[in-house]
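Let me begin by presenting the structure, written as structure tokens, before commenting on it.
By convention in this document, chain letters (A, B, ...) are assigned in the order of the sequence lines, proteins followed by strands, and residues within each chain are numbered from 1.
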Amino acid sequence: MALTKQLISKNCGKIKPESIDGYIQSGGYEGLKKALTMQPKEIIAEVKAAKLLGRGGAAYPVGAKWEHLLEIPHSPKFIVCNADEGEPGTFKDKILLSQDPLRVIEGMTIAAHVFGSHDAYIYIRGEYLAIQKVFQQAIDNAIAEGYLGNRILGTDFTFNIHITSGAGAYVCGENSALLNSIEGKPGYPRIKPPHLAEVGLFSMPTLVNNVESFATIPTIVLDGGNQYANYGTADSGGTKLICLSGLVVNQGVYEIPFGITLRDIIYNPEIGGGIANGKKLKFFHLGGQSGPCGIPEQLDTPYCYAALRSAGLSVGSGAVVILDESVCVVDYLKGVTEFFIHESCGKCTPCREGNQKVYAILCKLSDGTATTQDFKLLKRLITTMTAASFCGLGQSATIALATCLKHFSAEIEDHLHKKCPAGVCFQEQERAAI
Amino acid sequence: MHKELTNEQVLKIIKANGNSKERLLSILLEIQKASGHNSVDEAWAKIVAQELHLPLTKVYNVLTFYAMFSTKHRGKYVIEICKSTPCKVTKSDEIVQMFEEELGINISETTPDNLFTLMHTGCVGACDIGPVAKIGERIYGNLTKEKISNIVSLYRKGDTNGINQAANF
Amino acid sequence: MSHYQPDPTKSVTLTIDGISVTVPEGTSILEAAKQIGINIPILCHHPDLRVRANCRICIVTAKGQRKFKTACSTEVWSGAEILTNSTAIRDARKTVLELILAEHPQECLQCIRNGSCELQKLAKDFGIQEIPFTPSPLVGELPIDDAHPAIVRNPNKCVKCGRCVEVCQEIQTVRAINTAHRSQHYEISTAFEKNLAETPCVSCGQCVAVCPVGALYEHDDTAKVWAALDNHDLHVVVQTAPAVRVALGEEFGMDSGNIFTGKMVAGLRRLGFAKVFDTDFSADVTIMEEGHELLERINNNGPLPLITSCCPGWVNFAEKLYPELLPHVSSCKSPQQMFGALAKTYYAQTSGISPEKIFVVSIMPCTAKKYECARPEMNDSGYQDVDVVLTTRELAKMLKQANINFNSLPEESFDEPLGISTGAAVIFGTSGGVMEAALRTVYEVVTEKPLGKLDFDNVRGLTGIKEATVDLDGTTVKVAIANGLGNARILLEKIKSGQADYQFVEIMACPGGCIGGGGQPHGTTTVTKQGRMSAMYQADKNSALRQSHKNPAIISLYKDFLAQPLGHKSHKLLHTQYKTIK
């Protein structure tokens, strides 16, 4: 099995991103042309056959989502592209948005054809301001060439895409918070149900998919869902963009077919190329800050939704952060938790208060004042935050912590006795003692 | 020193965004960018509220919710150091120290000439070139002491070409 | 708008803790559980406000689902098997509660809400004895905003439930406070962290009414009243608003729906007030003045509709947000201020007591009245017309401090003459009451015929906006009534745009009118308000006199002192002017 497969990333770095000609020459817009000859249900059947799971992180089956929205009789329906890529360690949507924006636009246009939508919004995170300009140029070019706007490709189909900029809020990656933000409001997540398919943007039925999900649609329509699915495993259709960062030799974005192992990803020269500076792998953090941490013993797990899930791991956003033996787990988790403290919207108790209390306990561990009682508290916090938080942010904020407590209990317990095996904590105290 | 944004310019920004409530974030981002001090003054927020028929409390909620906004004056250039874990493990802490030394200020402070403000930020999506700093729309990655000195001096000189060339994107 | 609407004509059957229950579609798990005697704990939830599901105290589990659901926000579904009590649920709820308590100052004994605090009750019910989490350094360090004339904000005590925001933004549409910042800095704030006094706040006090803890409360003015009562040089008189007598008993454990006029009067007398008078007296005066103002405007093409001015929260709203409609607002002072002006002139004259010795205390269901009495123009008697305003809650506190067993007090009567009133005045305390009282008098003044049926049923009730057409023996008068400032806003926009052609409009700032005032006992809900309202109409029904112009004390007042409605003296003492406040 090939370790990489350029399906949706094939144009990246190879064509002028916003150029219609370049995109057409590399096979662009064939998917849309074919889609315009197909019935919505036929297209959805292909998406279902593709076994495409949402690429933003939640892995909800895209076909089922589309099928549900199609059944809702009300209109207009809005198409929304979630380009608020905020999971630390994730930068794959950025590559698509900046290097092949027309693929994303084409995918959104096909979705609009399926749902009879006339308007779509793409919510691009504020940190990608420069990319927003490229994307807008691509939209303008598509309109000029008749691929977007009024009477697309000479048909009666009219469809426009509007860019909305984020302004620095990770929680807006949560779809309902994202819709609030598009409406010009703070990105507080909404109470669900009602589902966004029913009451979404401006209270209308709405489809929200991730950039990468939309980018796969032209390929699925053109090549057929079965062929796409065959690139992957039985449960996980197709390919995935993964992002390697941290202490690995080859950082960057790679498109891999589902099913290769974590070992392939981290060590194969074609992908990660091993641990930087000749150090040893200590653990890896998958799917963003909200994802689980894994250990070298799990390296032979195939990278696909089912296998990772049964190993207590997950695909999430596609982030793979590599950590070596110099990293202290407690210190690392402090970083993770600081991120969630910064990004919690603050409206629900478990997430707002819980993250702060988790952080306080981790600080006690790293300065040697923690007790076994604090361990119990950590476990209570994990349970409560996971099950009782308002939205996915709070519910997943302690996943890394929970997995590390499992894999590194000895190292964490060492901290009760002022020992840090990685030699990161207690440095100042030791210096003070000398 | 920068020239204060006039009320007319604020109104122009609002109008260019179609006086639309849903454009609130963009309007505020544009005002902040044009402000010269990387922040949105209360007086401008009041104009925005009035023109968009929004209560001032709702504008303030947005201004304080999103990390990119500030209601307090900042430097002409805001240097944001990513402190998320992929950058943390590539030693972003050391980068902060280097910037602090280079600028003669601590994190969260502004230089006395109001040119730079140094801040932490969450992930900016450039984890493959960590440790990174974001200055305005530009990202600078794989930072070292030399690179930092160079970047700061380019900004001090206002060397736009150099600023762009040094940026990763 | 959303097409997603539950159909309450359909019913849904589910089980909660193994008990089967059938409820209309759209019912929350919280409400369904209540029907079978299961009280799921709540903190951010308030039955009259939109659901927010922020606090996460009301979590329950549903069979087959991994994550908790919040009972307040989750609608029932057919066949659901809900569990509201298990070790996992209790543990998680307790953790949530401990997280809130860790950030809450531990000073219950010094708190204004000691005994009426919803967080304190939860802590008691959960048997909290220690809080395992370390408080953040911010606890207790935030500045208290007490610059506002009526309302104090103590952000240290705030549990961030968002009720006050909901009521200020959505119900009242005053929009003085909102959520701001995020995560550990998430707070309820004014725009740009200004003092509440520098915001559009109209002092309605609905935020105070819904606050579950001691984060929002009225200025405690009881000490000023105790001091006055102790000062034997002063002649301290008290007036009581109509809505106080139907709510005061609740502070002493009695149900709403009863009227406590006699006990209230007896209690006030025992506190040491020289005279116990009634704002109902000046409510009757208001009807005389405002009724004639209406007729004058109708006859002389004055600005119509005439809008009532009894409610200071509404007057503040008009001055701050609808200055262009100020010419429509009746120039009549509120009954409280008419009382104050008359107490220090008419009563001073008839009793032979120097007005400088008279100290007027008001007992009001209202926080805005505290602001109103301190307005600089409210001194037409030559002195501050009303010296101190206490809320219903503050009066209850004074009675308790004076060791008075309220429940066993005898029934006593108001003093004369400023204690004589009619049923028309009693109903001022509920939405539609001023309108009905005015119509009862205006009809007879215009037609010079006796009004057959005194009840105007179509202006009654808690509906937000009510409209009616009244036949004054051939002349039709179109009237409208709004309660709650959000509803008032809708009505005012209709008036502004010329879509409405009313002659007379009643506006009360608080939902339901004064029965739902910001100074009423905590725990007020629509159900409580209904009880208070029915008690009020019952009192009206039982009154010997039910029309203001038939009040003998009013007849004497005009004969001996004011001469005639809208006359020279009335204009000096009983009418006022408004100004735009930006």
Side-chain angles (χ1 to χ4, degrees), chain A residues 85-91 93-94 98 121 125-131 133 162-170 172 181-188 202 243-247 250-253 285 288-289 319 321-324 326-327 331-336 338-339 342-343 345-346 400, chain B residues 17-18 20-30 32-33 40 48 52 54 58-70 80 82-93 119-132 134 136-139 141-142 164 167-169:
Chain A
E85 182 170 63
E87 273 295 354
T90 313
F91 40 97
D93 291 342
K94 182 176 79 177
S98 61
Y121 289 80
R125 64 182 307 202
E127 290 80 356
Y128 291 175
L129 254 175
I131 295 169
K133 291 175 185 165
H162 315 276
I163 299 179
T164 300
S165 175
Y170 165 83
C172 289
S181 193
I182 293 178
E183 293 176 7
K185 300 169 185 166
Y188 298 119
F202 304 116
C243 318
L244 262 62
S245 68
L247 304 167
N250 302 324
Q251 299 167 325
V253 176
H285 194 175
Q289 303 286 279
V321 183
I322 311 300
L323 296 316
D324 70 21
S326 71
V327 175
D331 187 57
Y332 183 81
L333 290 169
K334 273 167 72 179
V336 172
E338 269 184 278
F339 176 78
H342 188 252
E343 298 298 345
C345 85
Chain B
N17 281 283
S20 161
K21 281 188 176 81
E22 65 186 72
R23 301 290 301 165
L24 178 61
L25 271 65
S26 294
I27 290 169
L28 295 172
L29 282 171
E30 286 177 38
Q32 175 163 287
K33 195 178 164 194
V40 179
V48 172
L52 301 187
L54 282 170
K58 293 209 167 161
V59 176
Y60 187 67
N61 196 4
V62 164
L63 277 173
T64 55
F65 183 88
Y66 294 97
M68 287 170 73
F69 295 122
S70 174
E80 297 172 81
C82 175
K83 64 184 295 195
S84 293
T85 49
C87 283
K88 180 185 161 97
V89 298
T90 51
K91 308 288 181 216
S92 61
D93 285 357
M119 290 175 60
H120 279 304
T121 184
C123 180
V124 298
C127 324
D128 50 340
I129 51 170
V132 298
K134 177 176 168 287
E137 293 178 21
R138 298 179 189 85
I139 306 272
N142 296 320
N164 285 330
N168 291 71
F169 42 83

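- With chain B as partner, the option from A:Ala169, A:Cys243, A:Cys345, A:Pro186 having the largest number of non-hydrogen pairs under 4.5 angstrom is A:Pro186.
- Scored by the side-chain contact (heavy atoms from CB on, under 4.5 Å) test, B:Ile129 finds B:Ala126, B:Val132, B:Ile139, B:Asn142, B:Asn168, B:Phe169 as partners (sequence neighbours excluded).
- Top candidate by heavy-atom pairs under 4.5 Å with chain B, chosen from A:Lys185, A:Glu85, A:Gln251, is A:Gln251.
- At a 4.5 Å heavy-atom cutoff, the contact between A:Glu183 and chain B is made by backbone atoms alone.
- Between the A:Tyr332 side chain and the B:Lys88 main chain, no donor and acceptor come within less than 3.5 Å of each other.
- Here the closest heavy-atom approach between residue A:Gly86 and residue B:Cys123 is recorded as O-CB, 4.0 Å.
- A:Ser181 touches chain B through backbone and side chain together, each having a heavy atom under 4.5 Å away.
- Counting heavy-atom pairs closer than 4.5 Å to chain A, the top residue among B:Leu52, B:Val89, B:Thr90, B:Leu54 is B:Val89.
- Only the side chain of A:Val327 comes within less than 4.5 Å of a heavy atom of chain B; its backbone N, CA, C and O stay farther away.
- Using modelled atom types, one finds no donor on one side chain facing an acceptor on the other under 3.5 Å when comparing A:Gln289 with B:Ser84.
- Both the backbone and the side chain of A:Ser165 come within less than 4.5 Å of a heavy atom of chain B.
- Chain B forms more heavy-atom pairs under 4.5 Å with one residue of A:His162, A:His285, A:Glu87, A:Lys133 than with any other, namely A:Lys133.
- For B:Lys58, the side-chain contact (heavy atoms from CB on, under 4.5 Å) partners two or more places apart in sequence, or in a different chain, are B:Pro55, C:Gln169, C:Glu170, C:Asn178.
- For A:Asp324, no part sits under 4.5 Å from any heavy atom of chain B, backbone or side chain.
- The CZ atom of B:Arg138 sits 11.0 Å away from atom CG of A:Leu129, with the distance rounded to the nearest 0.5 Å.
- The part of A:Ile182 that comes within reach of chain B is its backbone (N, CA, C, O), which places non-hydrogen atoms under 4.5 angstrom from that chain.
- Heavy atoms only, all atoms of each residue included: B:Asn61 and A:Tyr188 are closest at OD1-OH, 3.2 Å.
- If you take SG on B:Cys127 and NZ on A:Lys94, they are separated by 7.5 Å, rounding to the nearest 0.5 Å.
- For the residue pair A:Ala167 and B:Tyr66, the shortest heavy atom distance occurs at O-CB, 3.1 Å.
- For chain B, the option among A:His342, A:Glu338, A:Arg125 with the highest count of heavy-atom pairs below 4.5 Å is A:Arg125.
- Looking at B:Leu25 and A:Thr164, their side chains never come closer than 4.5 Å, going by heavy atoms from C-beta outward.
- Only the backbone of A:Ile163 comes within less than 4.5 Å of a heavy atom in chain B; its side chain stays farther off.
- For the set B:Leu63, B:Leu24, B:Val59, B:Val124, the entry with the most heavy-atom pairs within less than 4.5 Å of chain A is B:Val124.
- With chain B as partner, the option from A:Asn250, A:Leu323, A:Val321, A:Leu247 having the largest number of non-hydrogen pairs under 4.5 angstrom is A:Leu247.
- Interface remark: A:Tyr170 contributes no atoms to any contact with chain B (heavy atom separation under 4.5 Å).
- No side-chain donor-acceptor contact under 3.5 Å links B:Lys134 to the backbone of A:Glu127.
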